[in-house]
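The block underneath contains the structure these notes are about, expressed in structure tokens.
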Amino acid sequence: MIKITFPDKTVKEFESGITGLDIAKGISNRLAKEAVSVGVNGEIYDLTRPITKDADFAIYKFEDEQGKEAFWHSSAHLMAEAIEALYRGVKLWVGPSVNNGFYYDIDLPEGKNITEKDFPILEKKMLELAQQKNEYIRKDIPKAEALKYYTEKGDEYKVDLIGGLEDGTITFYKQGNFTDLCRGPHLPDTGYIKAVKIMSIAGAYWKGDEKNKQLTRVYGVSFPQKKLLDEYLEMLEEAKKRDHRKLGKELELFTFSSKVGQGLPLWLPKGAKLRERLENFLKKVQTEYGYEPVITPHIGQKELYVTSGHYAKYGADSFQPINTPAEGEEFLLKPMNCPHHCEIYNSKPHSYKDLPLRYAEFGTVYRYEQSGELHGLTRVRGFTQDDAHIFCRPDQLKEEFIKVIDIVLYIFKTLDFENFTTQISLRDKDDKSKYIGSDENWAKAEAAIIEASAEKGLNTVIAYGEAAFYGPKLDFMVKDAIGRSWQLGTIQVDYNLPERFELEYTGSDNEKHRPVMIHRAPFGSMERFVAVLIEHTAGKFPLWLTSEQAVILPVSERFNEYAQEVMKKLALADVRVSIDERNEKVGKKIRDNEVKRIPYMLIVGEKEVENNSLSVRKQGEGDIGIMSINEFSDFIKDRVAEELK
RNA sequence: GCCGAUAUAGCUCAGUUGGCCAGAGCAGCUGAUUUGUAAUCAGCCGGUCGGCGGUUCGAAUCCGUCUAUCGGCUCCA
């Protein structure tokens with residue numbers, strides 16, 4: 001007998017070899033029907049895999065992450081089976097479940113390819129195979145035997161895959177006519193899969209290395225009910241409506257021009273006003289935290305970047321130097337502001353009493369991004385960082401770092417970014433050649449970040465290989481409308497640039513010491529931050545940020561004069577307001593301004609002129625009643641104060 | 001940069017197997033209407049069908065190439 005501990009800590013005894021499905025059946029038929037996988041001591045098991053030892057046990061449905069994993073992984077196998085059936089001679093690489101479905105990387109035979117027109121055929125084949133309710137059968141095979149099988153089959157991909165596995169036995173799963181090397185877990189049978197949709201195809205380098213051959217990656221998604229698929233597709237449609245590229249155009253926030261160049265955003269007046277307000281908001285916070293503004297040019301001598309290490313790291317892959325005609329000087333567009341700020345630090349000697357120094361600049365930088373990488377406002381070639389560099393003594397580092405975390409958290413809270421994740425980005429453990437500086441400096445910097453994050457109680461994940469080339473980072477990540485994660489805020493500890501720029505201060509001992517640098521950008525970049533903000537708010541910006549808080553809608557042209565009077569009074573009370581004086585019916589004006597997401601509409605007609613009042617309508621909600629002009633400006637003031645609290 | 005796809009008016013889209021002057025709605029302009037909580041009516045303006053080259057008697061439509069965009073991969077100081 002074995003002891004099974006349920007999530008609520010109750011313990012039951014079962015015969016050894018019982019399956020998760022049997023246990024579920026023992027609880028209720030309905031649960032057994034909805035279960036797709038089970039958890040056994042933290043590992044995800046097939047429903048039908050025998051459990052042979054005492055275990056902490058959990059049943060997962062499709063709604064659970066662990067359930068989806070088994071479901072989509074099984075779907076990937078199903079898709080592979082369909083592809084094998086439709087494309088003779090195809091070779092398979094791997095097919096995992098991912099965030100929103102699954103994919104399979106395949107190598108199609110010479111001259112064959114899959115296009116979007118083939119998707120329905122593939123879907124049909126998959127459903128046909130699903131309806132056969134073929135069982136997913138787990139089988140352990142000795143490594144040598146598996147190797148022999150695939151060598152004879154001439155499948156170099158699977159041979160490579162097995163070669164990288166530990167010796168001993170290897171697990172295979174078979175369903176219908178399809179057998180695949182796989183760790184599992186899987187569904188009991190293909191009949192669980194009721195709805196499938198092939199989403200897209202893409203090239204994907206074998207093993208993620210661009211030197212390798214590019215395989216074809218087929219993305220799909222599947223569900224246990226047709227209804228869930230429909231809901232998912234509808235959700236995607238909704239998400240598309242929030243896309244900052246679409247809203248940016250509709251709300252006239254920014255644009256691109258192929259004449260100006262790809263990845264070089266042009267901010268339109270409304271977007272510029274929004275951005276300016278964000279900048280002012282941060283400037284105010286930074287002033288409170290003791291930052292001082294600095295301003296530096298957009299280019300710098302090549303030598304500056306040789307000193308900083310940027311040139312050695314990125315010189316060949318960046319915009320090429322700008323040369324002066326007569327003297328043959330070489331300048332680079334600045335990829336970062338830190339070298340300039342280091343030279344500001346060096347402009348005069350410093351005492352330990354001066355530190356910390358906090359230099360802040362909304363600095364525009366230019367980076368060569370590969371053309372295929374550009375993406376709306378989230379990935380561009382010219383962008384403005386809300387940058388600052390803190391130069392401090394080693395004993396001040398932790399306190400300063402924590403203060404920066406506070407700024408980031410305050411900003412995220414003010415803008416309702418609740419679902420962010422924090423990531424400690426460290427060096428690639430296996431390849432230190434990508435970074436500058438001594439191990440000792442790196443160790444100190446990493447320790448400082450880990451300690452400060454722990455002290456603030458941040459729930460961090462560690463990502464190796466994500467550090468900046470000069471130091472480790474604490475990154476704040478936020479998801480966009482379609483679930484892609486973007487790095488926004490970043491805080492970086494750097495012992496290396498101070499060495500390279502020979503930064504010094506005189507200590508109380510009258511000796512020269514080296515300061516530590518913190519690089520930080522709470523927004524990350526104005527471009528990316530605004531992009532994510534647009535998607536989070538669906539263009540309905542908070543009142544304090546939006547460039548137009550209210551619009552006055554005269555019922556007819558007869559009331560334009562009163563509207564002007566109202567506008568003047570509200571403008572004096574710092575309400576950002578305009579008038580829709582067009583010769584249109586109120587219904588039309590309301591509709592147009594609803595679409596423009598103006599938070600409040602102030603309707604004025606006969607009644608309002610008589611009572612010296614406004615009829616207030618809230619965007620998305622409708623009529624909220626009559627107010628006097630003063631009442632309305634107070635109302636806006638209160639709302640703004642609340643938002644910024 | 002790589003794989004796949006897309007590009008028609010300011011915006012959203014039609015345009016059948018290549019065939020006379022390339023269409024619609026919205027926006028814009030003009031006029032009528034003076035309007036009460038999500039679209040008043042009429043007229044007008046607007047496109048070298050992304051650029052260039054080719055095939056053809058004839059190209060928005062077929063082919064090549066360049067540019068830009070979209071979905072991924074790789075990259076991301």
Side-chain angles (χ1 to χ4, degrees), chain A residues 98 103 105 108 113-117 199-219 240 243 245-246 249-250 252 255-263 305 308-315 317-318 334-339 365-376 378-381 385 434-436 465-471 473 482 484 486-487 490 492 497 519 528 553-560 582-595 601-608 615-624:
Chain A
V98 286
Y103 68 77
D105 281 351
L108 287 161
N113 67 336
I114 297 184
T115 70
E116 278 170 36
K117 290 181 198 76
M199 302 301 289
S200 63
I201 43 173
Y205 299 109
W206 183 44
K207 292 188 183 179
D209 187 335
E210 62 182 324
K211 290 185 198 78
N212 286 341
K213 177 170 184 181
Q214 199 158 45
L215 306 177
T216 303
R217 177 169 295 179
V218 187
Y219 280 91
K240 267 194 206 158
D243 191 311
R245 292 166 297 189
K246 181 176 157 65
K249 195 182 275 179
E250 282 175 12
E252 297 175 0
T255 189
F256 288 91
S257 150
S258 59
K259 270 209 184 94
V260 172
Q262 56 177 353
Y305 302 103
S308 69
H310 286 95
Y311 192 77
K313 283 290 150 203
Y314 298 101
D317 301 318
S318 70
K334 72 175 169 187
M336 290 183 93
N337 303 299
C338 35
V365 297
Y366 301 89
R367 299 176 184 176
Y368 169 76
E369 304 283 4
Q370 296 187 98
S371 58
E373 263 319 312
L374 301 169
H375 182 96
T378 49
R379 193 84 185 268
V380 288
R381 284 178 167 175
Q385 296 180 306
K434 294 191 284 189
Y435 310 94
I436 59 167
E466 296 292 317
F469 77 94
Y470 49 77
K473 318 187 279 177
I482 359 176
R484 283 181 287 213
W486 296 96
Q487 177 207 305
T490 179
Q492 310 169 3
L497 290 188
H519 307 239
R528 184 177 287 179
L553 311 183
V555 168
S556 87
E557 286 178 337
R558 292 194 287 133
F559 309 107
N560 283 356
R582 292 175 305 162
N583 180 7
E584 295 286 353
K585 295 170 92 165
V586 202
K588 168 75 168 166
K589 293 186 187 183
I590 286 171
R591 188 192 144 74
D592 289 348
N593 287 289
E594 282 279 347
V595 170
M601 280 161 259
L602 310 173
I603 295 152
V604 296
E606 196 74 50
K607 281 181 284 178
E608 288 73 20
S615 175
V616 184
R617 182 189 165 93
K618 189 169 181 195
Q619 199 271 349
E621 287 180 26
D623 194 351
I624 58 169

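Values below: every heavy atom of this structure, side chains too, minus hydrogens, waters and symmetry copies. This structure is a prediction, so every number in the text was calculated from the model and none was measured. Just so it is clear: chains get the letters A, B, ... in the order the sequence lines come, proteins before strands, and each one is counted from 1.
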Q. Is the number of heavy atoms from other residues, nucleotides or ligands under 6.0 Å of A:K240 NZ greater than 12?
A. no
Q) When all nucleic acid strands are considered with a 4.0 Å heavy-atom cut-off, which category describes A:E557: base, sugar-phosphate, or nothing? A) base
Q: Describe the nucleic acid contact of A:Q487 in one word from base, sugar-phosphate, nothing, applying a heavy-atom distance below 4.0 Å.
A: nothing
Q: Assign A:K585 to base, sugar-phosphate, or nothing according to its heavy-atom contacts below 4.0 angstrom with the strands shown.
A: base
Q. Can you tell me if the side-chain N/O atoms of A:K259 get under 4.0 Å from OP1 or OP2 in B:rG51?
A. no
Q | Side chain of A:R591 (C-beta onward), nearest among B:rA38, B:rU40, B:rA5 | A | B:rA38
Q: May I ask you to say what A:F256 touches in the nucleic acid, namely base, sugar-phosphate or nothing, with a heavy-atom cut-off under 4.0 Å?
A: nothing
Q.
For RNA chain B, report each stem as range with range, ordered by first number, or say none. Use Watson-Crick or G-U wobble pairs under 3.5 Å, at least 3 in a row.
A. B:1-7 with B:67-73, B:10-13 with B:23-26, B:28-32 with B:40-44, B:50-54 with B:62-66
Q | Rounded distance in Å between the P positions of B:rC11 and B:rC75 | A | 35 Å
Q.
Applying a 4.0 Å non-hydrogen cut-off, can you work out what A:G372 is touching in the nucleic acid: base, sugar-phosphate, or nothing?
A. base
Q) Is there a donor-acceptor pair closer than 3.5 Å between any side-chain N or O of A:R381 and the backbone N or O of A:Y368? A) no
**Q.** Distance in angstrom units between A:D592 CG and B:rG28 C1', rounded
**A.** 13 Å
Q | Protein-nucleotide distance (A:Q214, atom CD; B:rC75, atom P), rounded to Å | A | 13 Å
Q) Do any N or O atoms from the side chain of A:E594 and from the backbone of A:Q619 form a donor-acceptor pair under 3.5 angstrom? A) no
Q | Among B:rC26, B:rG36, B:rG72, the nucleotide that comes nearest once only the side chain of A:K607 is considered | A | B:rG36
Q: Between B:rC13 and B:rC52, how far apart are the C1' atoms? Round to whole Å, please.
A: 27 Å
Q. Choosing from B:rC76, B:rG36, B:rA68, which nucleotide comes nearest the side chain of A:V555?
A. B:rG36
(Q) Categorize A:E608 for me: base, sugar-phosphate, or nothing, with a 4.0 angstrom heavy-atom threshold over every strand shown. (A) base
Q) Can you tell if the side chain of A:Y470 reaches within under 4.5 Å of the side chain of A:H519, non-hydrogen atoms only? A) yes
(Q) Nearest to the A:S258 side chain among B:rU67, B:rG36, B:rA27, which nucleotide is it? (A) B:rU67
Q: Report which part of the nucleic acid A:E250 touches: base, sugar-phosphate, or nothing (heavy-atom distance under 4.0 Å, all strands).
A: nothing
Q.
Please report the distance, rounded to the nearest Å, between CZ in A:R582 and C1' in B:rU30.
A. 16 Å
Q. Between the side-chain atoms of A:E210 and the base atoms of B:rC2, is any donor-acceptor pair under 3.5 Å?
A. no
Q. Which one, B:rG71, B:rC73, B:rC2, comes nearest to the side chain of A:R217?
A. B:rC73
(Q) In whole Å, measure the gap between the P atoms of B:rA60 and B:rG23 for me. (A) 13 Å
Q: Indicate yes or no: at least one non-hydrogen side-chain atom of A:E584 is less than 4.5 angstrom from one of A:D592.
A: no
Q. Where the side chain of A:I603 is defined as all heavy atoms beyond and including C-beta, which of B:rC26, B:rA38, B:rG36 is the nearest nucleotide?
A. B:rG36
Q: Work out which heavy atom in A:I436 is nearest to a heavy atom in A:S308; give both atom names and the distance.
A: CD1-O, 3.9 Å
Q) Should A:V555 and A:E606 be marked as a side chain to side chain contact (heavy atoms under 4.5 Å, CB included) after you check the CA-CA gap, both sets of side-chain angles, and the distance that decides it? A) CA-CA 8 Å; A:V555 168; A:E606 196 74 50; over 6 Å; no
Q | Exam field: side chain A:R217 to backbone A:A202, donor-acceptor pair closer than 3.5 Å | A | no
Q) Any N or O donor-acceptor pair linking the side chain of A:Y205 to the base of B:rG1 at under 3.5 Å? A) yes
Q) Between A:D209 and A:K207, is there a salt bridge with N-O shorter than 4.0 Å? A) no
Q.
Under 4.0 Å from OP1 or OP2 of B:rG72: is there any side-chain N or O of A:R379 that close?
A. no
Q: Could you check whether A:S371 gets within reach of a base, just the sugar-phosphate, or nothing at all, counting any heavy atom under 4.0 Å?
A: base
Q: Establish whether the base of B:rG1 is bridged to the side chain of A:E369 by a donor-acceptor pair shorter than 3.5 Å.
A: no
Q) Out of B:rU37, B:rG4, B:rG72, which has the shortest distance to the side chain of A:I590? A) B:rU37
Q.
Donor-acceptor check, side chain of A:R528 to backbone of A:T378, threshold 3.5 angstrom: yes or no?
A. yes
Q. So what does A:G605 touch, heavy atoms closer than 4.0 Å: a base, only the sugar-phosphate, or nothing?
A. base
Q.
Taking the C1' atom in each of B:rC26 and B:rC62, what is the distance between them to the nearest angstrom?
A. 33 Å
Q. Starting at NZ of A:K589 and ending at P of B:rU40, how long is that distance when rounded to a whole Å?
A. 11 Å
(Q) Of the options B:rU37, B:rG71, B:rG36, whose atoms approach the side-chain atoms of A:R245 most closely? (A) B:rG71
Q) On a whole-Å scale, what distance lies between the C1' atoms belonging to B:rA5 and B:rC41? A) 43 Å
(Q) With a cut-off of less than 4.0 Å, is there a side-chain N or O of A:K588 near OP1 or OP2 of B:rU37? (A) no
Q | Nearest-angstrom distance, P atom, B:rG19 to B:rA59 | A | 11 Å
Q: When you get a sec, tell me which of B:rG71, B:rG36, B:rC26 is the closest nucleotide to the side chain of A:R484?
A: B:rG71
Q) What interatomic distance, in whole Å, is found between C1' of B:rG18 and the corresponding atom of B:rU56? A) 9 Å
Q: Hey, which sits more toward the 5' end of RNA chain B by its nearest nucleotide, A:R381 or A:G620?
A: A:R381
**Q.** For atom NZ of A:K207 and atom P of B:rC73, their distance in whole Å
**A.** 19 Å
Q | Side-chain N or O of A:H375 closer than 4.0 Å to phosphate OP1/OP2 of B:rG71 | A | yes
Q: Report yes if a donor N or O on one partner sits less than 3.5 Å from an acceptor N or O on the other, where the partners are the side chain of A:R558 and the base of B:rU34; otherwise report no.
A: no
(Q) Classify A:A204 by what it touches in the nucleic acid, base, sugar-phosphate, or nothing, heavy-atom distance under 4.0 Å. (A) sugar-phosphate
Q.
The side chain of A:Q370 is closest to which nucleotide in this list: B:rG36, B:rG1, B:rU37?
A. B:rG1
Q. How far, in whole Å, is B:rG15 from B:rC49 if one measures between their C1' atoms?
A. 10 Å
Q) Between A:K334 (side chain) and A:Y305 (backbone), is there a donor-acceptor pair under 3.5 Å? A) no
**Q.** Closest-nucleotide 5' rank along RNA chain B - winner of A:G261 and A:S200
**A.** A:G261
